[in-house]
Protein chains: 2
Amino acid sequence: MAARITTQQKILNAAEALFARDGFEQTSLRQITHEAGVNLASVNYHFGSKKALIQAVIARYLSVFMPALEEQLNEAEAQKDLKTQALFERFKLPLAKLTQINKRGPDTFLRLLGFAYSEIQGHLRKYTQQEYGNVLQHLLQLLKRTNPHLDEQQMFWRLHFVLGSVVFAQVSGQALIEIAQAEFNQQIGAQDVIDQLIPFVSGGLENS
Amino acid sequence: MAARITTQQKILNAAEALFARDGFEQTSLRQITHEAGVNLASVNYHFGSKKALIQAVIARYLSVFMPALEEQLNEAEAQKDLKTQALFERFKLPLAKLTQINKRGPDTFLRLLGFAYSEIQGHLRKYTQQEYGNVLQHLLQLLKRTNPHLDEQQMFWRLHFVLGSVVFAQVSGQALIEIAQAEFNQQIGAQDVIDQLIPFVSGGLENS
DNA sequence: AATTAAATTAAACGCATGTTTAAATCATGC
DNA sequence: GCATGATTTAAACATGCGTTTAATTTAATT
């Protein structure tokens with residue numbers, strides 16, 4: 001059991017690609033298993049259910065992303081004169097690290113996140129909160145530091161608006177990228193979208 | 001054919017409520033027809049297909065909202081010293097007008113819009129562009145006026161981020177409102193969310 | 001090599017969906 | 001009041017889904 005790709009991995013790889021492209025509900029197990037070249041029943045054999053497969057796909061990314069983000073937040077913590085935008089820039093490295101899972105890992109992860117938030121409402125939120133709640137708390141604390149003029153309620157809403165922008169940018173991302181490319185005659189990648197996004201969410205969050 | 005509610009209207013009313021609550025794909029024709037107290041087959045008889053029903057539901061709102069928005073934009077056009085935030089505030093009145101369709105019309109419309117954008121990817125965008133493209137062009141032109149420091153590409157992306165925030169706020173809105181109410185011990189409505197949203201999108205769009 | 005456990009396979013199950021059919025009912029104009 | 005067209009109805013259709021079953025094949029252990 002060394003370099004050969006197991007059935008489990010084949011399923012995970014095919015599933016994450018299709019989930020990221022079409023969403024969870026729009027992707028059937030028959031599509032996934034066909035793409036992976038494995039039997040339909042093997043999903044339920046190895047993962048138990050489709051829901052569990054979705055969770056496994058997301059968990060694989062979170063397990064890389066979250067620790068890297070935590071490290072970045074610790075560095076930000078020590079930083080003097082921390083600015084909101086600089087804080088958001090800290091997301092770029094953890095995101096880039098996801099290439100170790102997949103060449104298009106960063107794109108994939110953000111799109112998965114987008115679908116997860118818009119499709120399975122409370123489920124992922126609860127899981128993330130439970131597994132990585134401390135990291136998110138840390139982020140909130142730092143944002144309060146860079147934005148002492150916002151009260152609890154403003155911060156609550158704006159954080160969710162930020163999340164909404166990110167999620168939307170990714171879910172509608174591919175379509176928008178294609179429109180943008182046609183309109184501006186240049187190659188555009190997910191990284192460019194992030195670079196456009198950061199000043200937007202920074203400005204939105206900070207605004208008095 | 002005077003004051004009595006026709007089958008078509010019964011279907012539209014039931015459909016828009018369920019669509020707004022659960023999304024288009026999550027709502028079955030059987031749910032809709034049961035709620036409306038009409039026969040299952042009457043949807044296909046009166047509208048042709050589920051897709052056409054969705055379009056009819058959205059079109060009913062757009063036909064009220066868009067002309068009202070156009071009027072607001074014309075007023076803004078004449079305004080001296082137009083600010084981005086003031087421009088976004090112009091959305092409130094057209095939105096409020098939707099109560100003439102339904103008491104909870106504004107909420108319903110925004111949630112429908114949210115689901116429309118996240119579920120049926122290109123379809124609605126094309127329809128809106130075709131039917132009300134001139135209004136949206138007008139909005140874009142005014143935004144360029146209030147933000148001359150942004151180039152075409154920045155404006156393109158930020159406009160879509162704004163849209164994303166709005167859409168997300170509404171789709172995740174009810175869940176978030178409940179969390180917020182529990183956390184801050186006060187009654188919160190869709191209008192409050194809009195009030196929180198406007199400074200966010202204004203700040204995000206303007207940021208240099 | 002024989003035994004046992006793990007993994008894979010083809011097939012079927014049960015269910016829910018949107019849509020279509022064809023008969024029954026209703027309303028309308030002559 | 002009857003005939004005609006519009007509407008409503010109950011039932012079935014076709015399809016796709018996640019899941020389960022039971023038999024077969026593969027791999028590991030003794």
Side-chain angles (χ1 to χ4, degrees), chain A residues 1-59 112 115-116 118-124 127, chain B residues 1-59 112 115-116 118-124 127:
Chain A
M1 56 164 79
R4 208 158 85 266
I5 307 162
T6 69
T7 297
Q8 288 202 39
Q9 290 171 308
K10 282 192 222 168
I11 294 172
L12 277 177
N13 291 336
E16 74 166 37
L18 289 171
F19 284 156
R21 200 190 64 187
D22 302 329
F24 300 113
E25 317 227 329
Q26 308 302 319
T27 305
S28 72
L29 294 185
R30 283 168 177 83
Q31 275 183 273
I32 293 170
T33 51
H34 178 263
E35 183 74 19
V38 302
N39 188 273
L40 168 64
S42 57
V43 170
N44 281 286
Y45 178 79
H46 285 289
F47 295 93
S49 69
K50 183 182 180 180
K51 210 168 190 172
L53 172 62
I54 294 173
Q55 183 135 327
V57 166
I58 294 175
L112 290 176
F115 284 121
S118 49
E119 288 187 11
I120 40 176
Q121 298 146 355
H123 195 258
L124 175 81
Y127 170 77
Chain B
M1 58 166 77
R4 210 157 85 265
I5 307 163
T6 69
T7 298
Q8 287 202 39
Q9 290 171 308
K10 282 193 223 167
I11 293 173
L12 278 177
N13 291 335
E16 74 166 37
L18 290 171
F19 284 157
R21 199 190 64 186
D22 301 330
F24 301 112
E25 317 229 327
Q26 308 303 319
T27 305
S28 72
L29 294 185
R30 282 169 178 80
Q31 274 183 274
I32 293 169
T33 50
H34 179 262
E35 183 73 18
V38 303
N39 187 272
L40 168 63
S42 58
V43 170
N44 281 287
Y45 177 77
H46 285 288
F47 295 92
S49 68
K50 182 182 181 181
K51 212 169 189 171
L53 172 62
I54 294 172
Q55 183 134 327
V57 166
I58 294 175
L112 289 177
F115 283 122
S118 50
E119 287 186 13
I120 40 177
Q121 297 145 356
H123 195 260
L124 175 81
Y127 170 78

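So you know, we letter chains A, B, ... as the sequences are listed, proteins then strands, and number each from 1. Nothing here was measured: the structure is a model prediction, and the numbers come from that model.
OP1 or OP2 of C/dT8 sits under 4.0 Å from a side-chain N or O of A/His46. Between B/Asn39 and D/dT7, a side-chain N or O to OP1/OP2 separation shorter than 4.0 Å is absent. At least one side-chain nitrogen or oxygen of B/Ser28 sits closer than 4.0 Å to the OP1 or OP2 atom of C/dT17.
A residue-by-residue look at A/Leu29 and B/Thr7 shows that B/Thr7 has its nearest nucleotide of DNA chain D further toward the 5' end. Heavy-atom distances to DNA chain C give each of B/Ser49 and A/Ser42 a nearest nucleotide, and the one nearer the 5′ end belongs to A/Ser42.
Of the listed residues (A/Thr27, A/Asn13, A/Leu12), just one forms a side-chain contact (heavy atoms from CB on, under 4.5 Å) with A/Ile32, and that residue is A/Thr27.
Using Watson-Crick or G-U wobble geometry with both donor-acceptor distances under 3.5 Å, C/dT25 finds its partner in D/dA6.
Distance OH (A/Tyr45) to P (C/dA7): 4 Å, rounded to an integer number of Å. Atom P of nucleotide D/dC17 and atom CG of A/Leu53 are separated by 15 Å, given to the nearest angstrom. When the P atom of C/dT8 is taken as reference, atom CD of A/Gln9 falls 12 Å away, rounded to whole Å. Taking atom CG of B/Leu18 as the reference point, atom P of C/dG18 lies 12 Å away to the nearest angstrom. Put simply, CG on B/Asn44 is 16 Å from P on C/dA22, counting in whole angstrom units. What separates CD1 of B/Ile32 from P of C/dT17 is a distance of 11 Å, to the nearest Å. The interatomic distance linking A/Phe47 (CZ) with D/dT20 (P) rounds to 16 Å, in whole Å. As rounded to whole Å, 11 Å separates atom C1' of C/dG18 from atom CD1 of B/Ile54.
Closest of all the heavy-atom pairs between A/Gln26 and A/Gln31 is O-OE1, 3.4 Å. Residues A/Tyr127 and A/Ala59 approach most closely at OH-CB, 3.5 Å, considering heavy atoms.
Interatomic distance, A/Phe19 CZ to A/Ile58 CD1, rounded to the nearest 0.5 Å: 8.5 Å. In this structure, the separation between CD on B/Gln8 and CZ on B/Phe47 is 5.0 Å, given to the nearest 0.5 Å.
Counting any heavy atom pair closer than 4.0 Å across all strands shown, A/Thr33 reaches no nucleic acid atom.
Residue A/Arg30 places a side-chain atom within donor-acceptor reach of the base of D/dG18, judged by atom type and a 3.5 Å distance cut-off alone.
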